[in-house]
Amino acid sequence: MTPLRAIKGMNDVLPDQVGRWQRVERLYARVMSLHGFRELRTPLLEPTPLFVRAMGEATDVVEKEMYAFEHHGDALALRPEGTAGAVRAYIEHSVSQREPIVRWWYAGPMFRAERPQRGRYRQFSQLGAEVFGDEGPGCDAEIIDMLVGFLRELQVPGVEVVVNSLGGAEARARYRAALVEYLTPKASSLSAESQRRLTTNPLRILDSKDDADRAAAQGAPTLIDVLDAGDREHLAKLREALDALGTPYSIDPHLVRGLDYYTRTLFEIRGAHDKLGAGSTLVGGGRYDTLVKDLGGPAVPAIGFAAGLERLLIASDLEGPSSVVDALVAPLGAKAVAAGLQVARDLRGKGIRCEVDTRGTSLKSQLRRANALGARIVLILGDAEIAAGAVQVKDLAAHSQETIQRDQAIRVVVDRLIAAGRTVDSPVKASATDYTAPTTPEEDTP
RNA sequence: GUGGCCGUAGCUCAGCUGGUAGAGCACUGGAUUGUGGCUCCAGGUGUCGCGGGUUCGAACCCCGUCGGUCACCCCA
């Protein structure tokens with residue numbers, strides 16, 4: 001019998017790692033909140049045609065990477081990206097009728113049936129956002145600057161922003177024609193892949209990694225040359241705003257992205273090249289001023305981006321939390337366990353994370369466990385303490401220990417933890433029916 | 001999806017031209033009948049990814065397969 005295992009490219013995240021995930025997610029939620037974005041949650045499963053129409057028939061994602069299937073006659077697909085669902089929800093709920101500008105963020109798993117690699121998985125998570133109803137370049141600049149700030153908070157080294165403009169649909173069509181005209185005479189020198197692309201998706205030849213392709217593309221006309229006046233002004237204003245913000249970026253006229261819906265501003269943010277190798281794109285985004293209309297909604301301009309959470313985690317130097325609990329209750333002997341459970345319940349009522357070691361093992365092994373859990377305080381309850389109505393409060397970091405009366409012990413522990421920098425919730429009642437889970441001392445919610 | 005490399009204890013790896021397996025770390029216990037992180041001592045049968053083949057004999061060679069990884073395609 002073959003052992004049960006997770007699907008290729010779909011990974012478990014064990015608790016040791018979840019701490020880092022949560023840290024990044026909370027930081028993101030906070031950044032979003034500070035910028036007036038509100039969270040959107042959409043289904044993981046959508047009608048396949050939504051993605052086909054949003055991203056384009058000829059895109060690789062649609063052609064070969066979607067988990068698409070039929071269920072009772074419906075064509076369904078696991079979402080390969082977040083924008084299509086967000087736009088669908090925006091249209092479906094007539095949101096444009098209620099609010100002129102909408103800022104939404106989302107976080108969650110996406111699915112693409114690609115060959116896994118470091119930082120690229122079949123189920124992966126994206127942190128994304130969309131702004132509907134603001135076509136100004138200032139909005140583009142704000143988003144880019146916000147993302148750079150976010151990556152800085154994540155301590156991602158080597159962050160660089162690359163910007164390009166794809167222009168509107170007309171400009172792109174004009175450019176496509178010019179590019180094909182320029183490259184066709186050189187077709188024989190192109191890679192086989194690019195010769196095929198010449199008819200299917202010529203823009204992609206621009207960011208080919210093949211040397212011959214690069215040489216051929218070297219002198220090609222650039223998109224920026226064929227932009228119309230409005231597109232040019234948009235780009236110029238974006239650059240002005242970025243310069244004013246002091247956000248470093250570079251213009252790469254060869255930057256092209258794989259989805260058809262982009263218009264005008266297109267950007268990528270890369271970082272941590274040494275850790276991510278070829279897949280160092282951390283965030284990709286851009287404007288999609290016609291997509292809402294193309295999907296049957298009103299003519300509302302929009303811009304969005306998505307960041308790969310797994311890549312951010314590889315790139316980020318942030319560490320996860322080191323402690324699981326603040327305190328460990330160490331009862332010695334069977335009689336002490338019941339008393340220990342009471343002490344623990346009282347601690348939790350004050351927002352102290354704690355665990356009771358009910359194994360009945362030696363004090364030594366309980367202290368070892370306290371160490372492993374990162375507990376600062378150990379409350380020792382043996383026969384002598386119970387007889388005296390007391391408890392030993394041991395501070396592992398301070399190497400101190402004192403005998404405290406039971407009714408004073410909770411206050412002493414709280415004081416010690418607060419003195420050590422732990423923030424503790426305001427007291428709540430701790431009973432079986434009125435119990436509030438202690439929040440972790442982790443940061444981040446504003 | 002295409003190609004290269006890799007796959008030995010929980011982790012990182014060693015294992016000489018094929019003679020059937022080891023280290024460090026981690027973990028558990030003890031030294032200290034109730035006191036951790038340091039130190040010392042003790043504790044390992046693990047489908048050598050899986051299946052098949054060659055051989056007297058395979059962790060080591062061959063084929064297939066699964067998984068990982070890197071690059072490409074593409075993308076977050």
Side-chain angles (χ1 to χ4, degrees), chain A residues 1-3 5-11 14 16 55 58-66 79-83 107-128 147 191-194 196-197 200-201 204-205 207-211 213 256-259 268-271 276-285 304-315 328 330-333 336 357 359 361-386 392-401:
Chain A
M1 168 176 131
T2 46
R5 40 160 55 238
I7 294 167
K8 181 193 185 93
M10 305 203 180
N11 307 118
L14 296 178
D16 276 351
M55 292 185 286
T59 54
D60 278 37
V61 174
V62 166
E63 275 181 352
K64 51 185 200 189
E65 296 173 11
M66 272 213 292
R79 63 183 187 187
E81 57 108 46
T83 297
M110 307 292 166
F111 303 83
R112 291 185 199 171
E114 259 280 55
R115 183 100 158 223
Q117 235 181 89
R118 164 163 280 238
R120 170 209 281 185
Y121 310 103
R122 291 186 171 182
Q123 175 176 332
F124 62 105
S125 299
Q126 285 189 334
L127 306 175
L147 288 165
S191 67
E193 185 63 34
S194 285
R196 193 180 66 84
R197 283 192 281 226
T200 57
N201 198 345
R204 293 234 61 96
I205 297 173
D207 69 351
S208 169
K209 282 159 189 144
D210 184 274
D211 285 340
D213 291 350
V256 175
R257 317 209 77 254
L259 310 180
E268 270 186 21
I269 306 181
R270 304 168 188 150
L276 282 161
S280 62
T281 300
L282 297 168
V283 189
F305 66 84
L309 181 47
E310 287 83 353
R311 287 186 187 182
L312 292 178
L313 285 162
I314 293 169
L328 180 73
L332 300 169
D357 195 329
R359 292 176 298 174
T361 52
S362 67
L363 179 57
K364 180 211 291 270
S365 69
Q366 298 198 52
L367 286 167
R368 281 188 178 157
R369 174 149 177 81
N371 241 29
L373 292 173
R376 164 126 195 173
I377 304 287
V378 178
L379 293 101
I380 301 166
L381 268 169
D383 293 339
E385 287 75 21
I386 288 176
Q392 297 278 344
V393 175
K394 184 178 181 66
D395 186 325
L396 293 180
H399 303 279
S400 66
Q401 181 170 335

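As the structure is a prediction and not an experimental result, all values here were calculated from the model. Here is the naming used below: chain letters follow the sequence lines, and residue numbers restart at 1 for every chain.
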Residues which pass side chain to side chain contact (heavy atoms under 4.5 Å, CB included) with [X], listed by chain and number, not counting sequence neighbours:
{"X": "A/Gln123", "result": "A/Met10, A/Pro109, A/Phe111"}
{"X": "A/Leu332", "result": "A/Leu363, A/Gln366, A/Ile380"}
{"X": "A/Ile386", "result": "A/Ala336, A/Ala339, A/Leu381"}
{"X": "A/Asp60", "result": "A/Glu63, A/Lys64, A/Glu65"}

- request: Scan A/Val378 against the nucleic acid and name what it touches under 4.0 Å (heavy atoms): base, sugar-phosphate only, or nothing.
  value: nothing

query: With sugar-phosphate meaning primed atoms plus P, OP1 and OP2, does A/Gly9 contact a base, only sugar-phosphate, or nothing at under 4.0 Å between heavy atoms?
result: sugar-phosphate

message: Would you say A/Ser365 and A/Arg368 are linked by a side-chain donor-acceptor pair, where the criterion is simply a distance under 3.5 Å?
response: no

task: Can you run down the salt bridge (charged side-chain N to carboxylate O under 4.0 Å, His left out) pairs that involve residues 371-385 of chain A, sequence neighbours left out, and say none if there aren't any?
output: A/Arg376-A/Asp395

Who is the Watson-Crick or G-U wobble partner of [N], with both distances under 3.5 Å?
{"N": "B/rC11", "answer": "B/rG24"}
{"N": "B/rC56", "answer": "B/rG19"}
{"N": "B/rC72", "answer": "B/rG1"}
{"N": "B/rC40", "answer": "B/rG30"}

With [X], which residues qualify under side-chain hydrogen bond (donor to acceptor under 3.5 Å, both in side chains), at least two apart?
{"X": "A/Thr281", "value": "A/Glu268"}
{"X": "A/Arg115", "value": "none"}
{"X": "A/Arg122", "value": "none"}

Under 4.0 Å protein heavy-atom contact, by nucleotide of nucleotides 26-36 of chain B - B base, S sugar-phosphate only: ---B-B--BBB

- request: Whole angstrom is fine here: how far is it from CG in A/Leu276 over to P in B/rU69?
  value: 13 Å

- prompt: Given atom CG of A/Asp60 and atom C1' of B/rC72, what is their separation to the nearest angstrom?
  reply: 12 Å

message: Heavy atoms within less than 4.0 Å of RNA chain B: which residues of residues 108-119 of chain A have one? Give them sorted by number.
response: A/Arg112, A/Glu114, A/Arg115, A/Gln117, A/Arg118, A/Gly119

- line: The correct set of residues in residues 305-313 of chain A placing a heavy atom under 4.0 Å from RNA chain B is A/Ala306, A/Gly308, A/Arg311

- prompt: Listed by chain and number, what are the salt bridge (Lys or Arg N to Asp or Glu O under 4.0 Å) partners of A/Glu114, not counting sequence neighbours?
  reply: A/Arg120

query: Considering only the C1' atoms, how many Å lie between B/rG22 and B/rU45, rounded to the nearest integer?
result: 14 Å

